[in-house]
Amino acid sequence: QVQLVESGGGSVQQAGGSLTLSCAASGYPYSDYYMGWFRQAPGKEREGVAAIYTGGNSRYHADTVKGRFTISIDSAKSTVYLQMNNLQPDDTAVYFCAANQMRGTMRAWLSSGAAEYWGQGTQVTVSS
């Protein structure tokens, strides 16, 4: 079965600080697919953060995080990362790793708020 195992969250970060989240994937049935990060803050809808295509260098970052967050992949380790710099209190949310069959653009996938497979979620808290 597909498993997405996240790590890196759980501790409180100071505004302006940096943090990197990791997502190790296993059991995915396709050679090339989308992987990405979504987040959900209390009382808010799930928001797409960033996505990457495992078969190339293509990636997309939402406007809210562009210039601060960077998604990357280590194919040898089957691991996707989200490097978060200049963290702000508004970044506080549960962050979910996700994977999906290639369908449409990465932007459209992030906007849909849906994915075939999800990680368990990891808490990112940023204090002011």
Problem set entry | Euclidean distance, M35 CE relative to Y53 OH, rounded to 0.5 Å | 14.0 Å
Exercise. Which pair of heavy atoms, one from A93 and one from R39, lies closest together, and at what distance?
Worked result: CB-CB, 3.8 Å
Exercise. Distance-only, no hydrogens or angles: does the T54 side chain make a donor-acceptor pair with backbone N or O of Y33 under 3.5 Å?
Worked result: yes
Please list every donor-acceptor pair under 3.5 Å in which a side-chain atom of residues 10-26 meets a protein atom from a residue at least two apart or in another chain.
residue : atom : partner : partner atom : Å
S11     : OG   : Q13     : NE2          : 2.8
S18     : OG   : N85     : OD1          : 3.0

For this session: Evaluate the side-chain proximity of T70 to L82: yes if any heavy-atom separation is below 4.5 Å, no if none is.
Result: no
Exercise. What residues form a ring-ring contact (aromatic ring centres under 6.0 Å, His included) with Y95, not counting sequence neighbours?
Worked result: none
Problem set entry | Donor + acceptor pair across side chains of S72, Q83 (<3.5 Å) | no
Exercise. Which pairs pass salt bridge (Lys or Arg N to Asp or Glu O under 4.0 Å) with one or both residues in residues 68-82, sequence neighbours excluded?
Worked result: R68-D91
Problem set entry | Closest non-hydrogen atom pair, G48 against A62 | O-CB, 3.4 Å
For this session: Any chance you could measure Y60, atom OH, to S111, atom OG, to the nearest 0.5 Å?
Result: 6.5 Å
Exercise. Would T64 and K66 satisfy side-chain contact (heavy atoms from CB on, under 4.5 Å), going step by step from the backbone distance to the final call?
Worked result: CA-CA 6 Å; T64 52; K66 188 175 296 184; over 6 Å; no
For this session: Run the numbers on F69 and L87 for side-chain contact (heavy atoms from CB on, under 4.5 Å), then give the verdict.
Result: CA-CA 9 Å; F69 293 7; L87 285 164; 3.9 Å; yes
Exercise. Is there a path from W37 to F96 through hydrophobic residues (I, L, V, M, F, W, Y) whose side chains come within less than 4.5 Å of each other?
Worked result: no
For this session: Say whether V65 and L110 are linked into one hydrophobic cluster, either directly or through other cluster members, by side-chain heavy-atom distances under 4.5 angstrom.
Result: no
Problem set entry | Straight-line distance of Q101 CD to E116 CD, nearest 0.5 Å | 5.5 Å
For this session: Check whether any side-chain N or O of Q1 sits under 3.5 Å from a backbone N or O of G27 as a donor-acceptor pair, and report yes or no.
Result: no
Exercise. Just by distance, with hydrogens left out, do Q120 and T122 show a side-chain donor and acceptor under 3.5 Å apart?
Worked result: no
Exercise. Same cluster or not: are W109 and I73 linked, directly or through other Ile, Leu, Val, Met, Phe, Trp or Tyr residues, by side-chain heavy atoms under 4.5 angstrom apart?
Worked result: no
Exercise. Is it true that I71 and Y117 fall in one hydrophobic cluster, defined by side-chain heavy atoms closer than 4.5 Å?
Worked result: yes
Problem set entry | OG on S78 to CD on Q3, rounded to 0.5 Å | 13.0 Å
Problem set entry | Backbone N/O of V49 and side chain of H61: donor-acceptor pair under 3.5 Å | no
Exercise. Got more than 12 heavy atoms from elsewhere within 6.0 Å of CZ, R103?
Worked result: yes
Problem set entry | Taking every non-hydrogen atom, the tightest pair across W118 and F38 | CZ3-CD1, 3.6 Å
